[in-house]
Amino acid sequence: MSEAAATPPAPLDFIREMIAADLAAGRNGGQVVTRFPPEPNGYLHIGHAKSICLNFGLAQEHAPNARCHLRFDDTNPTKEEVEYVDSIMADVKWLGFDWGTHLFYASDYFEKLYQFAEQLITKGLAYVDDQTQEEMRLNRGTLTTPGKRSVYADRSVAENLDLFRRMRKGEFKEGEKVLRAKIDMASENMHLRDPALYRILHAHHHRTGNAWCIYPMYDYAHPLSDALESITHSLCTLEFEIHRPLYEWLISNVDGLPGSPYQREFARLNLTYTVMSKRKLLRLVKEDLVNGWDDPRMPTISGLRRRGITAAAIRSFCKTIGLTKFNSLTEIALLEHAIREDLNKISHRAYGVLRPIKVVLTNYLEDQVEHFEAANHPEDPTAGSRQVPLCRELYIESDDFMEFPSDGFHRLKPGGEVRLKFAFCIICQEVIKDDAGNIVELRCTYDDTTRHGKKPEGRTKPKGIIHWVSARHAIDAPVRLYDRLFTVETPDADAGEDGDFTQFLNVASLEIIPNAKLEPSLKDAAPGTHWQFERVAYFYADPIDSKPDAPVFNRTVTLKDGWVKK
RNA sequence: UGCCUCAUGGUGUAAUGGUAACACAGCAGAUUCUGAAUCUGUUAUUCAAGGUUCGAAUCCUUGUGAGGCAACCA
């Protein structure tokens, strides 16, 4: 029996169900065409990853009769920059998706969009309005009262055409005139109260330069761009739900469109202990509250990547969270699970001691050095092994020793015994302190009969197994310990309307250990490689700050810690 | 104050009128040269009230709660 027959098909989310129904009904000639349409005004974050996995995922699932376009929604030149275009393309690729030849820009359609606007004017469905922004706002009415149509709404087609052409020519100042759709000033949907289609912006555009001084609004450009690309399913987040009637109005009132897409909305991703809006992320960067867009604490794709989170983990996470219209708040633990699951498979193990205590093996020869074989991966023999040196003086993790152990602590304690993993067992004979009472050294004896996992003769085998690093051979390396950026689950909500979310910034979100003691093999850790420091956490050799023979490590995520102090 | 959308364990989702299930988190145990991983077990769920029906998480009504909407932003 084939595997496909044995496993029940994964349940479809409401979007995939809709698409399946379209396909079953023979719509769109059996094609599925989606698009990921970011505005290049910031860096992509994990919320975008959800949309990317959906749109590009759909294209993969329905291959070969499907594709996903990458389209830059660059209709507001005052906010957009090439830097963002470049980073977005890099991030989508890194996530493992490929738009092939289907790279587009809304700005590529400016001429066509302009012609469609003239068409709407000719049909009497659009007019040039001279009202000020303030007048327009006043005449729009409120949520409970209808609006009043502009006194300019009755201009003739010829006059509108003339005015619109002169808008394009640059005869007017910004704000002087605007092109509006003529729909319904009394609509319960504010977006249908004669929405603006074009505004005057004497601004330089990152792609069209100074060719244009009128720019289409999102609500106008988006549906028509979708149609021009023969998009079949235009998927966006819930806040655009209210825009849908306008989307449909444009699609049905403009003639000569090659496609007739429809829009559906899903809930955006919210994650605990972070913020997701571009505006807030921009603020963190601009005010130097983090170290740039790719700060490993940021929820940006570039930040996650630099933290050491893999594309596979992000894709798996996006699969787990599903797709609904429910405005949810996902626990960061779900992401961490996906990260650990992937990193556990791919990371080689090594020893790193973050907060060292010196251990002296009093019965070990002063000059002696020996090497112990250590497996690179406990569940993957093909990962091979390495030789880890050991000498009389070692470092162990300060957490692994307790002078006055609490119940259930089975690491090293005075008079107690632990195993040095892959080496032998040691017993703590003496605790040396300085004048201030700080522990400076542990004097231990080792048991030569306990090599290679053998249990001590005539005794029960110690429960504690700890990692260690030879003092003489250890390398020093900077290690950055990252933690959640905020101290509360919902910094935006807790700050409230007028509050400042930055008050909840976690001051301990970054701790730098300048000189962690690492096993010597880690000296060769290539930038951009993933490691598990056994019993500590997953780390990533920073691809930017690491130098040859001088790696710098970022903590990606800690290991789960099943030991609860009693 | 009007309209639109949504509501299933602590969290995220499934069940498409017919036994409320899965993952994460939690807890307990087994196992372990990582207190990890793995394996086993386990706690805990249909917003409320009515109605339709042999039967409702699902359909209807009302209520409650949450989110969205009045840029020449996207």
Side-chain angles (χ1 to χ4, degrees), chain A residues 10-14 17 37-39 41 73-76 78-80 129 131-133 136-137 140-147 174-180 187-191 193 195-201 214-215 217-219 221-222 236-245 265 267 272 278-279 317 320-338 340-341 344-345 349 351 374-375 378-379 408-411 419-425 450 452-455 461-467 532-538 558-564:
Chain A
L12 299 182
D13 55 67
F14 76 106
E17 261 176 13
E39 182 189 18
N41 68 343
D73 225 328
D74 54 351
T75 56
N76 185 354
T78 64
K79 287 189 175 173
E80 297 151 7
D129 196 348
Q131 290 183 109
T132 64
Q133 238 177 110
M136 272 182 69
R137 193 178 61 77
R140 186 152 29 228
T142 70
L143 294 173
T144 51
T145 56
E174 287 188 13
E176 231 179 292
K177 287 189 167 35
V178 62
L179 184 74
R180 291 229 258 170
S187 173
E188 279 156 347
N189 185 339
M190 300 298 288
H191 294 270
R193 321 250 264 224
L197 265 25
Y198 269 90
R199 79 286 212 182
I200 298 170
L201 246 30
I214 56 171
Y215 289 91
M217 302 289 293
Y218 162 86
D219 276 320
H222 202 89
C236 60
T237 45
L238 246 29
E239 67 269 28
F240 293 102
E241 201 161 31
I242 194 100
H243 297 239
R244 189 151 110 197
E265 312 81 13
T272 54
K278 272 189 190 172
R279 215 189 77 245
F317 170 70
T320 309
I321 57 175
L323 196 70
T324 66
K325 299 185 76 163
F326 176 61
N327 214 300
S328 60
L329 176 65
T330 300
E331 285 180 351
I332 194 77
L334 230 54
L335 209 212
E336 290 177 349
H337 171 75
R340 291 190 185 105
E341 193 175 42
N344 178 46
K345 278 187 303 201
R349 315 287 132 122
Y351 290 161
E379 287 152 17
F409 181 80
H410 49 246
R411 278 107 90 162
R419 168 169 293 286
L420 299 181
K421 192 174 177 190
F422 292 128
F424 38 57
C425 297
T450 58
H452 309 298
K454 279 211 249 359
K455 81 178 181 102
K461 82 178 186 186
K463 277 188 179 164
I465 300 163
I466 64 173
H467 60 284
Q532 185 199 96
F533 293 1
E534 285 205 41
R535 304 206 312 121
V536 179
Y538 291 100
T558 59
L559 256 27
K560 276 182 72 172
D561 188 359
W563 183 57
V564 279

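Lettering follows sequence order; numbering is per chain, from 1.
Separation of the P atoms belonging to B:rU61 and B:rC4 is 12 Å when rounded to the nearest angstrom. When the C1' atom is used for both B:rG9 and B:rC22, the distance is 12 Å, rounded to whole Å. Taking the P atom of each, B:rC33 and B:rC27 are spaced 24 Å apart, rounded to whole Å. Straight-line distance between the P atoms of B:rC6 and B:rU42: roughly 36 Å, to the nearest whole Å. The gap from the P atom of B:rG17 to that of B:rC60 amounts to 12 Å, rounded to the nearest Å. A distance of about 35 Å separates the P atoms of B:rA49 and B:rA28, rounded to the whole Å. B:rA21 and B:rG26 are spaced 22 Å apart, taking the P atom of each and rounding to whole Å.
Because its glycosidic torsion is within 90° of 0, B:rA71 is reported here as syn.
Rounded to whole Å, atom C1' of B:rU58 lies 17 Å from atom CZ of A:F14. A:H337 places its NE2 atom 13 Å from the C1' atom of B:rU38, with the value rounded to the nearest Å. A:D561 has its CG atom 10 Å from the P atom of B:rA37, to the nearest Å. When rounded to the nearest whole Å, the span between CD1 of A:I466 and P of B:rU32 equals 20 Å. Remark: P of B:rG9 and CD of A:E331 are 13 Å apart, rounded to the nearest angstrom.
Proximity of a side-chain donor or acceptor of A:T450 to a complementary backbone N or O of A:F424 within less than 3.5 Å is not detected. Under the 3.5 Å distance criterion, the side-chain polar atoms of A:S328 are left unmatched by any main-chain donor or acceptor of A:T330. Under a 3.5 Å cut-off, the side chain of A:E80 and the backbone N or O of A:N76 do form a donor-acceptor pair. A:R137 places no side-chain N or O within 3.5 Å of a backbone atom of A:T132 that could act as its donor or acceptor partner. Here the side chain of A:R419 pairs a donor or acceptor atom with the backbone of A:K454 at under 3.5 angstrom. At distances below 3.5 Å, not a single donor-acceptor pair connects side-chain atoms of A:R199 with backbone N or O atoms of A:G175.
Counting heavy atoms from C-beta on, the side chains of A:T75 and A:H222 never come closer than 4.5 Å. With a 4.5 Å cut-off on side-chain heavy atoms, A:Y538 and A:L559 count as touching.
Summary of the strand contacts: A:E341 and A:D13 both lie near RNA chain B, and taking for each the nucleotide with the nearest heavy atom, the more 5' one is attributed to A:D13. Nucleotides of RNA chain B nearest to A:T144 and A:R349 differ in position, and the one nearer the 5' end is that of A:T144.
Comparing atom distances between the A:F326 side chain and each of B:rA7, B:rA25, B:rC33 picks out B:rA7 as nearest. Taking the side chain of A:L559 as heavy atoms from C-beta on, and the options B:rG35, B:rC33, B:rU34, the nearest nucleotide is B:rU34.
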Where protein sits on nucleotides 65-74 of chain B, one letter per nucleotide: B base, S sugar-phosphate only, - none, heavy atoms under 4.0 Å: --SBBBSBBB
Base versus backbone protein contacts along nucleotides 41-48 of chain B [heavy-atom cut-off under 4.0 Å; B, S, -]: --------
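Judged by atom type and distance alone, A:R535 does not reach the base of B:rG35 through any side-chain donor-acceptor pair under 3.5 Å. Contact of A:E379 with B:rU38 (side chain to base): no donor-acceptor pair of N or O atoms is detected under 3.5 Å.
Within the 4.0 angstrom heavy-atom criterion, base atoms lie near A:K421. Among the heavy atoms of the strands lying under 4.0 Å from A:T324 are primed sugar atoms or P, OP1, OP2 only; no base atom is included. Within 4.0 Å of A:H452, counting heavy atoms only, lies at least one base atom of the nucleic acid. Residue contacts for A:F409: at a heavy-atom cut-off of 4.0 Å it reaches a base atom on one of the strands shown.
Ion pairing between A:K278 and A:E39 fails under the 4.0 Å rule for side-chain N and carboxylate O.
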Strand RNA chain B as a dot-bracket string - pairs counted if Watson-Crick or G-U with both distances under 3.5 Å, | where the partner lies in another strand: .((((((..((((....[..)))).(((((.......)))))....(((((..]....))))))))))).....
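A close approach under 4.0 Å does not occur between any side-chain nitrogen or oxygen of A:K463 and OP1 or OP2 of B:rU31.
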